[in-house]
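Order of the sequence lines sets the chain letters (A, B, ...), proteins ahead of strands, with each chain counted from 1. Side chains included, hydrogens not; waters and symmetry mates left out as well; all remaining heavy atoms used.
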There are 2 protein chains.
Amino acid sequence: MPKRVDHGERRKLIADALMRVAAERGLEAVSLRHVATEAGVSAGMVQHYFGTKDEMMTFALAVVREHGEARVTRAVAALGDHPAPRTLLRTMLVELLPLDEARRADGRVALAFLAYTAVRPDVAAGLHRETAALLGFLADQIRAAQTGRPADHRVDPDRAAVGLLAVLEGLGIYLLGGHYPAETALAALDAQLDLICGPAQPAG
Amino acid sequence: MPKRVDHGERRKLIADALMRVAAERGLEAVSLRHVATEAGVSAGMVQHYFGTKDEMMTFALAVVREHGEARVTRAVAALGDHPAPRTLLRTMLVELLPLDEARRADGRVALAFLAYTAVRPDVAAGLHRETAALLGFLADQIRAAQTGRPADHRVDPDRAAVGLLAVLEGLGIYLLGGHYPAETALAALDAQLDLICGPAQPAG
DNA sequence: GTTTTTACAATGCAGTCGCAACGTATCCTG
DNA sequence: CAGGATACGTTGCGACTGCATTGTAAAAAC
């Protein structure tokens with residue numbers, strides 16, 4: 001083999017450039033040449049690492065998801081060994097909200113891809129599995145958060161998980177659109193957690 | 001004046017074609033020629049009624065919103081004069097969910113426009129006002145639905161409205177992506193209404 | 001009647017698109 | 001050192017884009 005280059009690294013470099021273009025000018029501004037320029041490489045190189053544009057898009061979509069996953073993993077790890085379920089939930093969800101510019105950029109790309117995959121159902125299969133797994137995890141945490149609550153304050157964990165994930169998605173979208181400030185979204189998220197888990201326990 | 005033609009009608013004809021193209025092939029497939037073909041008219045005519053593509057897009061966005069508004073108005077009117085707040089809320093929200101093919105089409109277009117406006121903040125100003133008005137209305141209904149509930153079952157209407165609207169948006173998106181079936185979304189919506197308004201009153 | 005204004009159709013243009021087809025430089029293998 | 005495979009860069013092609021321009025038919029205004 002000649003000239004050893006890390007394919008994964010190059011692809012990631014290109015995908016990062018794609019995401020920058022998409023975040024700033026929308027997904028329809030993503031072209032081989034624009035991405036190449038943004039990445040500071042030739043258009044031929046982009047073509048070398050991604051035979052087709054769709055391939056490039058699919059890879060970039062995976063990168064966005066990995067961003068989110070890494071963010072959540074890191075934030076959850078910082079919580080220590082056995083965080084309270086509600087704390088764990090809140091930490092995860094807040095991390096997925098577009099509250100700073102980095103997450104806003106990721107969010108814009110994710111939103112664009114959402115619209116993209118809505119018309120290309122074949123690409124969406126992986127997302128379904130991820131959603132199902134996430135829903136399962138949320139439901140588990142909600143179940144755990146409810147132990148010891150009076151029966152008439154309990155909710156169905158599966159439905160609550162669907163609702164909670166929907167709230168997250170919706171808040172993210174309204175935040176991206178600038179419909180209301182971060183505090184409003186955070187207040188709504190906390191209110192939702194209150195509804196599901198009961199009011200936050202005062203420390204002690 | 002010559003050859004009197006209803007400008008609004010023509011523009012609506014074209015916008016409808018635009019929405020069909022966007023729903024089937026995504027917003028990036030929307031071009032003057034595609035829209036013209038879909039509408040069964042010449043590209044020149046499209047250009048005659050919309051000097052620029054952006055003008056056409058903006059108009060189409062307004063049409064999408066009117067669709068939703070008309071749907072809600074009709075459904076709410078069918079409820080009669082003084083529906084219970086929870087019934088009113090549920091009727092409104094269900095009507096906005098992409099549960100049949102017509103609403104799925106509208107939803108896809110709305111989603112595409114959401115991503116479109118996320119990068120064009122100037123276009124989004126109208127949406128902000130609409131969101132604020134909708135939030136106010138939801139909060140009013142939630143407030144009304146809570147009269148007579150025990151104090152420890154009440155929630156802040158404003159936060160609950162933000163959460164409810166976010167749930168609606170999120171459920172719509174997951175439905176459009178086919179992440180789960182309609183029943184799951186409806187169950188989650190009802191669970192959310194249960195959390196906010198208390199369990200549905202059995203008839204009588 | 002003529003004139004003017006509107007409604008459309010057709011064509012053309014400069015730019016961009018994805019992608020194929022090269023060419024070449026580089027490095028590993030034998 | 002030759003041979004071959006890989007990693008690019010360059011160029012060009014056909015299709016498409018939004019839009020300006022032009023031409024024409026028809027109806028209102030005079």
Problem - B:His7 side-chain N/O to C:dA7 phosphate OP1/OP2 under 4.0 Å - result: yes
Completion exercise
Quick note, B:Gln47 side chain, CB onward, closest among D:dA20, C:dA9, D:dA7 is D:dA20
Problem - Heavy-atom side-chain proximity of A:Asp190 to A:Arg86 below 4.5 angstrom - result: yes
Completion exercise
Note: B:Leu111 and A:Ala115 closest approach over all heavy atoms is CD2-CA, 3.9 Å
Handout entry: Separation of atom CE in B:Met45 from atom P in C:dA10, rounded to whole Å
Key = 13 Å
Handout entry: OP1 or OP2 of C:dG18 under 4.0 Å from side-chain N/O of A:Thr52
Key = no
Completion exercise
Output for pair (A:Leu96 CG, A:Leu171 CG), nearest 0.5 Å, gives 12.0 Å
Handout entry: Length of the CG-C1' vector between B:Asp6 and D:dA27, whole Å
Key = 17 Å
Problem - A:Gln146 side chain vs A:Ile196 backbone, donor-acceptor pair below 3.5 Å - result: yes
Fill in the blank from the handout: note: A:Glu55, atom CD; C:dG18, atom P; distance rounded to Å ~ 14 Å
Fill in the blank from the handout: By nearest-heavy-atom nucleotide on DNA chain C, the more 5' of A:Asp54 and B:Arg10 is B:Arg10
Handout entry: Between C1' of C:dA7 and CG of B:Leu13, the distance in whole Å
Key = 15 Å
Handout entry: Length of the NZ-P vector between B:Lys53 and C:dT16, whole Å
Key = 15 Å
Problem - Short side-chain N/O contact to D:dC8 OP1/OP2 from A:His48, under 4.0 Å - result: no
Problem - Within 45° cone of A:Tyr49 ring axis and under 6.0 Å: A:Arg11 NZ or CZ - result: no
Practice task
Please state whether the rings of B:His179 and A:His128 are parallel, tilted or perpendicular, taking 30° and 60° as the class boundaries.
Solution key: tilted
Problem - Interface with DNA chain D, restricted to residues 19-43 of chain A and to heavy atoms under 4.0 Å - result: A:Arg33, A:Ser42
